[in-house]
S.K.: 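Just passing along the structure, written as structure tokens.
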2 protein chains.
Amino acid sequence: MDKNSAAAGRQPKVVGARSLVEAAYATIRHDILDGSLAPGLKLRFEMLRERYGVGASTLREALTRLVGESLVTSEEQRGFRVAEVSLDDFADLTRARKLIEVEALRQSILHGDDAWEGTLVGAFHRLSKVEAKLATGAPELRDDFEERNRDFHYALIAACPSRWLKHMHGILFQQSERYRRLSLAARDESRDVHAEHEAVLEAALARDVDRACRLEAEHIDKTLQLLSRRFAPKT
Amino acid sequence: MDKNSAAAGRQPKVVGARSLVEAAYATIRHDILDGSLAPGLKLRFEMLRERYGVGASTLREALTRLVGESLVTSEEQRGFRVAEVSLDDFADLTRARKLIEVEALRQSILHGDDAWEGTLVGAFHRLSKVEAKLATGAPELRDDFEERNRDFHYALIAACPSRWLKHMHGILFQQSERYRRLSLAARDESRDVHAEHEAVLEAALARDVDRACRLEAEHIDKTLQLLSRRFAPKT
DNA sequence: AAATCTCAAAATCTCGAAAATTTGTTGACA
DNA sequence: TGTCAACAAATTTTCGAGATTTTGAGATTT
């Protein structure tokens, strides 16, 4: 009758997670992107078991997955750490991401059909809504914003036929997301992100490949410029 | 006195491995690149425990790492499989690799100093030696050849200052290596790989960026063309 | 004082067995 | 014959304890 009463509390506590490893992975990943688990932090199993409520092997597997995404580093026999961040790394990351994302966008615009346009317009609309709300100052919407921002950027390159290019893009985009969130705590009011997105969208729909790619590259660069001015101010 | 007699046979059996996870990872990885573990093969833990002599959690972590490198796929609650291969995937992979590797080579040539040239020449020399032996028909040198070929290609782009670009390249190169080895079983006698490498080396040393990049791109394409002719022969 | 050594304490790493899930089989029923 | 429920077998997933390694403080030597 009550199979779940004794010691059966082993169900993933994250929506869409089909195993404890995946739930732990998703939660830890979120906390790293978030900054809750600070860059460089030593990830001790004792602490993690308490915080996430799963066994050591399970955690180990989740962390291994995060190592593969360069969100966590590991040294044999010396455990795991949250990956460090640096302005140099972000600058390098931004250059690499521009190379990949711009090429993917180029191919996507060349191959995209009406269905692609539809999805793209939809993603832009959803992003716009949360951007508007965010502008009125509602910090609890940051997760929403990041999700829809990701959806929009993925929708832009969705029609690119190269699975490997999109895979590379995914890795770099996730890293960028981390830097963006760490910097988003204090937003730059002088920047109109919505207008940047809208400009890229219009160029993409107009099939103006060169303009779309140029705007996208500038858009990617903006966050780096913002962070550079804040943390290396040789005023 | 005999600490190792009872049940203490827990030392990594792979050179350079500092843990059983790493040893298992390296061995399984080798067997996949090799073809010993065929594409699509279901990786059952029973079989893996017998074959590699380590526990389930250890294997699980090694496999998770391989999933991160796209050499293994996994479906929740349904286990792991060796990643499939296809001509389409290889074609896509080759295009992506050309984009990344050529850009990395361009930057490497622009930034490389004398030390870089020295390492590069050394790597080419070591590769040449094993190529010569391989030509006389010595299949047991395949591992050696692959290692030195990898070293040479890494040496070419070693002076590229972008860590992320080199990281992307590493992922794509490893995938290519798998296809190369699967195709290497029957080599194409009409192809002079040594000459291709030498031409790239000369252009790189001469700091002729455009020529080096063109030659490298052609070199990368050759294996795809070879495989295409063999497996899609509309003769 | 600096370097080396010793040896507990702390942390990581590994295993085997139990729990949970999927897969395969059998037989009832239409 | 075909469908489906119930049960059994096979497989994956998870945990906790023990084995192994690293860390750090204090003692000893140079």
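Numbered from 1 within each chain, the chains take letters A, B, ... in sequence-line order. In this text the structure is predicted, and so the values were computed from the model without any measurement.
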S.K.: Measure from CZ on A:Arg49 to C1' on C:dA11 and round the result to the nearest Å.
M.R.: 13 Å
S.K.: Looking only at the side chains, is there a donor atom on one of B:Asn149 and B:Tyr154 sitting less than 3.5 Å from an acceptor on the other?
M.R.: no
S.K.: Nearest heavy atom decides the nucleotide; on that basis, is A:Leu43 or B:Thr58 closer to the 5' end of DNA chain C?
M.R.: A:Leu43
S.K.: Rounded to the Å, how far apart are B:Glu61 CD and D:dT12 P?
M.R.: 18 Å
S.K.: Once the angle between the rings of A:His197 and A:Phe152 is folded into 0 to 90°, is it parallel (under 30°), tilted (30 to 60°) or perpendicular (over 60°)?
M.R.: perpendicular
S.K.: Is the closest side-chain heavy-atom distance between B:Ser74 and B:Arg81 below 4.5 Å?
M.R.: no
S.K.: Can you tell me the distance, in whole Å, between the CD atom of A:Glu76 and the P atom of C:dA11?
M.R.: 19 Å
S.K.: Could you please name the partner base of D:dT30, counting Watson-Crick and G-U wobble pairs only when both distances are under 3.5 Å?
M.R.: C:dA1
S.K.: Does either side chain, that of B:Ser36 or that of B:Asp34, offer a donor lying less than 3.5 Å from an acceptor on the other one?
M.R.: yes
S.K.: Quick one: are the ring centres of B:His153 and B:His169 less than 6.0 Å apart?
M.R.: no
S.K.: By the 4.0 Å heavy-atom rule, please label B:Ser19 as base, sugar-phosphate, or nothing.
M.R.: sugar-phosphate
S.K.: The side chain of B:Ser57 is closest to which nucleotide in this list: C:dG16, C:dT12, D:dG16?
M.R.: C:dG16
S.K.: Output the rounded distance in Å from CG (B:Leu63) to C1' (D:dT12).
M.R.: 12 Å
S.K.: Take atom CD of B:Glu50 and atom P of C:dG16, then tell me their distance rounded to the nearest Å.
M.R.: 13 Å
S.K.: For the pair made of CG in B:Leu48 and C1' in D:dT12, what is the distance, rounded to whole Å?
M.R.: 12 Å
S.K.: Nearest whole angstrom, please: distance from the P of D:dG16 to the CG of A:Leu59.
M.R.: 11 Å
S.K.: Taking C-beta and beyond as the side chain, do A:Thr94 and A:Tyr179 meet within less than 4.5 Å on heavy atoms?
M.R.: no
S.K.: Is there side-chain contact between B:Leu71 and B:Gln175, with heavy atoms separated by less than 4.5 Å?
M.R.: yes
S.K.: Within less than 4.0 Å of OP1 or OP2 of C:dT22, is there a side-chain N or O belonging to A:Arg18?
M.R.: yes
S.K.: Tabulate protein N/O versus nucleotide N/O from nucleotides 6-11 of chain D, keeping only pairs under 3.5 Å, one per line.
M.R.:
from   : atom 1 : to      : atom 2 : distance (Å)
D:dT11 : OP1    : B:Arg44 : NE     : 3.2

S.K.: Which is more 5' along DNA chain D, the nucleotide nearest A:Gln77 or the one nearest A:Gly55? Just name the residue.
M.R.: A:Gly55
